[in-house]
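Please read all numbers here as calculations on a predicted model, not as lab measurements.
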2 protein chains.
Amino acid sequence: MLILMRDPTLSNRRATIVTLSREAGVAPSTVSRALKGEGRISAEMRAKIGRLAKELGYTPHASARTMSSGRSGLIGIVGGPADNPFYTELLHETVRQVVDRGMRMLMIHAGTGPIESRTADALLQYQVDGCLFSSVELPSKIASVCAANGVPVVMVNRVARLHSSAVTCDNAIGSAQIAELLVRGGHRQIALVRTSSSSSTGIERDAGFTRYLEQAGLRPMLRLDGHSTYEGGFAAGQHIAALPAGKRPDAVYAISDIMAFGVLDAFRLAGLQVHADMAVAGFDGVPQSGRPIHDLTTVEQPLPAMVGRALDLLQARMLDKTLTDETVSLRGRLIIRGSTRPVPDYMSEV
Amino acid sequence: MLILMRDPTLSNRRATIVTLSREAGVAPSTVSRALKGEGRISAEMRAKIGRLAKELGYTPHASARTMSSGRSGLIGIVGGPADNPFYTELLHETVRQVVDRGMRMLMIHAGTGPIESRTADALLQYQVDGCLFSSVELPSKIASVCAANGVPVVMVNRVARLHSSAVTCDNAIGSAQIAELLVRGGHRQIALVRTSSSSSTGIERDAGFTRYLEQAGLRPMLRLDGHSTYEGGFAAGQHIAALPAGKRPDAVYAISDIMAFGVLDAFRLAGLQVHADMAVAGFDGVPQSGRPIHDLTTVEQPLPAMVGRALDLLQARMLDKTLTDETVSLRGRLIIRGSTRPVPDYMSEV
DNA sequence: ATGCGTTGCGCAAATGTTTGCCCATTCGGC
DNA sequence: GCCGAATGGGCAAACATTTGCGCAACGCAT
């Protein structure tokens with residue numbers, strides 16, 4: 001009777017380090033060290049093992065690595081609301097850079113709404129090496145879980161009080177630049193569309209803008225809450241447009257582009273000419289701000305640099321858990337477009 | 001000399017199944033079976049172990065589970081371009097539902113651009129249980145990797161030729177509904193803003209629309225390529241607006257909302273009144289289409305249901321690898337708004 | 001020839017969970 | 001009082017990798 005047996009060397013199971021070690025005639029530990037380029041391995045052996053790995057289509061097994069090393073190569077990320085293009089851009093930039101650095105993203109949560117505890121558990125279950133938060137307030141549950149397990153946390157576009165580093169745009173300076181632009185453009189009746197949420201970003205932009213105005217002997221004639229949404233900005237715009245011409249501002253600063261879009265659209269529907277009757281400025285510099293229909297003056301956040309620095313902070317803290325929290329703020333770039341009146345000569349030279 | 005020793009029962013290391021087993025006086029295997037609710041375990045023991053797990057803050061170790069069971073609880077996802085809100089909505093809905101089902105998302109790639117092989121490796125390295133693709137053409141590298149390793153693949157909003165199931169909206173019917181609406185609205189000079197990419201979605205919408213027109217004895221007077229982007233739609237809109245009034249269409253169907261927005265904005269900048277001079281319709285039903293500034297007639301894709309069915313297909317194939325590929329198409333919902341002329345009475349009754 | 005440092009590699013433990021198989025006890029039916 | 005089945009749980013292997021330690025061999029200087 002003929003018994004069919006599989007040649008174990010031709011097994012269709014995926015190649016492991018043990019497979020390679022047998023094939024190369026060395027110990028598994030040698031293969032491990034050879035593949036990761038460290039340890040004292042002769043050049044020939046290293047080359048031989050590398051060749052073998054390619055031939056046999058070896059792929060490291062992330063879970064096994066996680067088990068024995070304690071590092072998963074995973075970073076957890078929590079993204080912002082779907083309707084704000086800034087967070088979409090941020091997410092995409094993050095995907096790119098995380099992958100470029102040889103890590104992977106475990107998507108924990110996205111959008112508004114509370115992060116449930118079962119979602120937070122993912123951080124522990126998958127041994128996430130680090131965590132990137134944008135937008136949401138850092139929930140205390142997550143913060144304590146991360147702190148208790150030595151998982152470094154970096155926030156992007158917001159600073160938190162506890163257990164986390166942060167990378168932001170320099171919101172105060174950016175907002176002051178907008179204020180300067182408006183004031184030098186001759187505007188005196190200025191409305192501010194802000195947000196009442198307690199986010200550091202909103203507060204800084206509000207304060208930076210208001211402070212510049214005060215130093216110029218001015219103050220916002222109107223402060224509206226746009227709730228950080230398009231709809232909020234739209235409502236604010238409707239409110240402003242409905243004011244009698246004498247009491248109407250001649251410039252509006254919305255502290256985020258998404259609200260500025262709402263303001264612009266409300267003005268347009270109300271028949272207000274943005275170029276002529278009214279200046280509008282935003283903050284974030286999302287790609288949509290450059291569309292001809294908006295042509296919005298704004299401060300562009302340096303997204304690639306911000307994500308890069310955030311990952312730098314994260315990786316440094318993965319290697320050295322004792323590093324203290326650090327906050328980095330990067331200067332944004334003022335982009336002057338048609339939504340603010342033509343720039344006086346003395347400013348375009350700067 | 002006093003030697004400080006840690007009480008091993010008070011160890012600050014995280015609780016494992018072994019910790020629990022010692023505490024409960026049973027074998028680790030019993031704990032494992034008790035916690036997952038299967039196996040023959042007495043009710044008291046199950047309760048006791050459950051209580052203990054809560055007390056000690058036990059969290060399962062995903063990597064260990066992956067190692068021994070071969071299942072990771074991870075699904076890989078590849079998202080679409082950042083500038084199209086449809087894909088952002090899709091991503092967010094997917095995050096919600098995946099988490100609700102007790103799984104996690106490994107973000108493989110997002111946006112346009114090719115998926116490099118090192119990115120595809122994540123599928124193997126992390127033992128992804130299944131894969132969800134949207135937008136991108138399924139790269140053959142990924143397809144073969146998934147096929148070779150028995151990783152089921154489901155595409156959303158696109159069907160692929162090989163190795164994958166799919167969930168889509170019924171693009172042909174939806175487009176025919178748009179066509180019907182336009183024709184019944186009295187439009188005869190109709191332009192189609194389509195996309196020349198070979199995506200099944202684009203082809204179906206194009207074909208469904210054109211076929212209906214043909215059956216009505218009509219044909220699109222103009223076919224433009226909008227490249228599935230806002231900018232492409234905008235350019236198409238400019239082109240149309242620039243036509244002499246006699247040769248200009250009186251209705252435009254853009255096969256995705258993002259292009260329709262471009263068309264609308266181009267018209268607006270050109271001074272064309274959408275209500276009066278021109279009807280415009282889109283497809284996708286992204287939230288932005290309901291904004292007053294656009295007020296766009298469109299076909300809403302049933303996103304929650306689509307994601308739900310996609311995950312159903314995926315999970316079924318995780319359990320039974322022999323299931324054959326399956327394509328599900330769900331009916332969209334026609335949303336009639338102001339961008340098309342007021343509906344005749346006989347249609348509003350339907 | 002001795003001592004010492006370095007190079008190159010092997011040994012084996014450890015990581016936490018799952019799962020097939022086995023064993024003891026109990027129970028019900030006859 | 002016996003048999004078969006059901007119940008409750010234990011044993012141990014297996015999963016793939018990392019890493020501290022050990023050890024032999026070799027080179028080089030004394």
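- A search for side chain to side chain contact (heavy atoms under 4.5 Å, CB included) contacts involving Glu326(B) returns Ser165(B), Arg309(B), Leu313(B), Arg317(B), Val328(B), not counting sequence neighbours.
- Here Arg101(B) pairs with Asp312(B) under the salt bridge (charged side-chain N to carboxylate O under 4.0 Å, His left out) rule; sequence neighbours left out.
- In this structure, Arg71(B) atom CZ and dA16(D) atom P are separated by 15 Å, rounded to whole Å.
- Across the helix from dA1(C)-dT30(D) to dC30(C)-dG1(D), the helix axis at one end is tilted relative to the axis at the other end by 40° (nearest 10 degrees, each axis from five pairs).
- Two residues are said to be in side-chain contact when any heavy atoms from C-beta on lie closer than 4.5 Å; Met318(B) and Ile75(B) meet this criterion.
- Going from atom CG of Leu124(B) over to atom P of dC15(D) covers 18 Å, rounded to whole Å.
- A close approach under 4.0 Å does not occur between any side-chain nitrogen or oxygen of Lys36(A) and OP1 or OP2 of dT17(D).
- Not counting sequence neighbours, Ala47(B) has no partner by the side chain to side chain contact (heavy atoms under 4.5 Å, CB included) test.
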statement: Under a 4.0 Å heavy-atom criterion, the protein footprint on nucleotides 6-16 of chain C, written with B, S and -, is -BBBBBB--BB
Tabulate below the donor-acceptor pairs under 3.5 Å that side-chain atoms of residues 301-308 of chain B make, not counting sequence neighbours, or state none.
from, atom 1, to, atom 2, distance (Å)
Gln301(B), NE2, Asn157(B), OD1, 3.4
Gln301(B), NE2, Asp284(B), OD1, 2.9

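- Put simply, CG on Leu35(B) is 13 Å from P on dG9(D), counting in whole angstrom units.
- For Ala110(A), the side chain to side chain contact (heavy atoms under 4.5 Å, CB included) criterion is met by Met107(A), His92(B), Val95(B), not counting sequence neighbours.
- Residues passing the salt bridge (charged side-chain N to carboxylate O under 4.0 Å, His left out) test with Arg96(B) are Glu93(B), sequence neighbours excluded.
- Remark: Ser69(B) pairs with Arg65(B), Arg71(B) by the side chain to side chain contact (heavy atoms under 4.5 Å, CB included) rule, at least two apart or across chains.
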